[in-house]
Amino acid sequence: MKVIILKDAAAVAAYGANIFKKQLQKKPDSVLGLATGSTPVALYKELIKLSEAKEFSFAGVTTFNLDEYLGLDGEHPQSYRYFMNEQLFNHVDIDKSKTQVPPGNAQDPVAACNDYEADIDAAGGIDIQLLGIGRNGHIGFNEPSSSLASRTRVKTLTLDTINDNSRFFADGEYQPHLSITMGIGTILESKKVVLLATGASKADAIAATVEGPLTAACPASALQLHQDAVIIIDEEAASRLADQAFYKHIEVENQKLEERLGL
Ligand SMILES: N[C@@H]1[C@@H](O)[C@H](O)[C@@H](COP(=O)(O)O)O[C@@H]1O
């Protein structure tokens, strides 16, 4: 696990975007795993700028989103499909038929979950998966107690998550309590994982993810098992980590090594 501690949210977005830029320059037909929530928005803005500057193209890219509310169709302004269109897909040269978000309006959600897994496999697996993190350590909608081997399935949201996400819904508006989410096992099969977190409200979750035990009580701690997981955080989100100085020291050494190897 690589832990990158940066000054602020803007630096986190720029660092994350650079990883995606390198990926898309190296492999224009990459399969990207994408995330919603407020944290990735700044990174998507960076990617839009970079693609406008012709640093890379989205034309050959396939995408799979992590999760979706069960009960909302893609036209609903709070659906994650709508979010992705608004925040990224409508602004880049992506082929929308190659963008997948779990179907929140599926007649048979269980079959839809199995189909989603099959579609990821058929695309050759995910090259790079973007993640945010919930205050309780959830990734996607894999809430605490989720099996660390779980696959795409229907999950009930915790009351904390429902509360945290209620800010996006108008007063009295229907807010789903169920979701379809990639499983933790699904996420762990991505070739690379990039998790972004900013702000003091994420500090406990980040400490549990990086330095806590491997436990279903903090789903993101499963990333300790991944061979290529990068945790990009600002100073506030890093504030509860015991070994901050060590992670910063590693990054300085890594930069030197990458320069020497011309990476
Ligand atoms: N399902 C999403 C997660 O994928 C996201 O990481 C989390 C944190 O969101 P934010 O970045 O707004 O804090 O919110 C939701 O619950």
Side-chain angles (χ1 to χ4, degrees), residues 8-10 12-13 15-17 32-46 63-72 74 76-84 86-88 100-104 113 116 126 128-146 150 152-169 175-184 186-188 190 193-210 218-223 229-234 236-239:
D8 54 24
V12 167
Y15 194 104
L32 306 182
L34 299 177
T36 55
S38 51
T39 311
V41 170
L43 178 142
Y44 292 146
K45 286 207 166 75
E46 291 287 329
T63 68
F64 289 92
N65 259 78
L66 277 171
D67 49 8
E68 178 61 284
Y69 288 113
L70 193 57
L72 300 190
H76 192 290
Q78 301 314 332
S79 72
Y80 285 167
R81 157 57 73 184
Y82 190 94
F83 173 101
M84 288 309 302
E86 290 284 300
Q87 298 299 334
L88 182 65
Q100 272 79 220
V101 179
C113 292
Y116 206 67
I126 292 171
I128 176 166
Q129 174 67 55
L130 180 63
L131 296 175
I133 187 168
R135 285 189 307 120
N136 61 7
H138 75 233
I139 46 177
F141 272 133
N142 294 285
E143 299 282 28
S145 84
S146 289
S150 51
T152 302
R153 69 212 184 289
V154 174
K155 278 296 287 183
T156 305
L157 310 185
T158 63
L159 296 175
D160 282 346
T161 299
I162 292 167
N163 241 343
D164 282 350
N165 290 349
S166 65
R167 67 189 193 275
F168 298 113
F169 291 82
Q175 185 185 350
H177 292 184
L178 296 178
S179 67
I180 293 181
T181 181
M182 274 186 208
I184 298 174
T186 320
I187 292 168
L188 290 178
S190 306
V193 177
V194 174
L195 183 148
L196 310 184
T198 58
S201 68
K202 300 292 171 67
D204 285 333
I206 287 299
T209 299
V210 176
C218 175
S221 67
L223 299 179
V230 189
I231 313 293
I232 311 170
I233 51 183
D234 66 359
E236 285 186 356
S239 59

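Residues: numbered from 1 along the sequence shown. A quick note: this is a predicted structure, and the numbers were derived from the prediction, not measured. Order of listing sets the numbers, starting from 1, for every ligand and every atom in it.
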Report the relative orientation of the aromatic rings in F141 and H138; use parallel for angles under 30°, tilted for 30 to 60°, perpendicular for over 60°. tilted
Under 3.5 Å, is there a donor-acceptor pair linking the side chains of N165 and Q175? no
Can you tell whether the side chains of R135 and D160 come within less than 4.0 Å, N to carboxylate O? no
Within the side chain of E46, is there an N or O that forms a donor-acceptor pair under 3.5 Å with the backbone of A17? no
List below, pair by pair, the N or O atoms of ligand 1 and of the protein that are less than 3.5 Å apart, including the distance to 0.1 Å; reply 'none' if no pair qualifies.
residue, atom, partner, partner atom, Å
ligand 1, 1 (N), D67, OD2, 2.7
ligand 1, 1 (N), G140, O, 3.2
ligand 1, 6 (O), I133, N, 3.2
ligand 1, 11 (O), S38, N, 3.3
ligand 1, 11 (O), T39, N, 3.0
ligand 1, 11 (O), T39, OG1, 2.5
ligand 1, 12 (O), S38, N, 2.8
ligand 1, 12 (O), S38, OG, 2.6
ligand 1, 12 (O), R167, NH2, 3.0
ligand 1, 13 (O), K202, NZ, 2.6
ligand 1, 16 (O), H138, NE2, 2.9
ligand 1, 16 (O), N165, ND2, 3.3

Indicate yes or no for a side-chain donor-acceptor contact from N65 to the backbone of P102 under 3.5 Å, with no hydrogens or angles considered. no
Where do F168 and Y69 land on the ring pair (Phe, Tyr, Trp, His ring centres under 6.0 Å) test, with the steps shown first? CA-CA 13 Å; F168 298 113; Y69 288 113; 8.9 Å; no
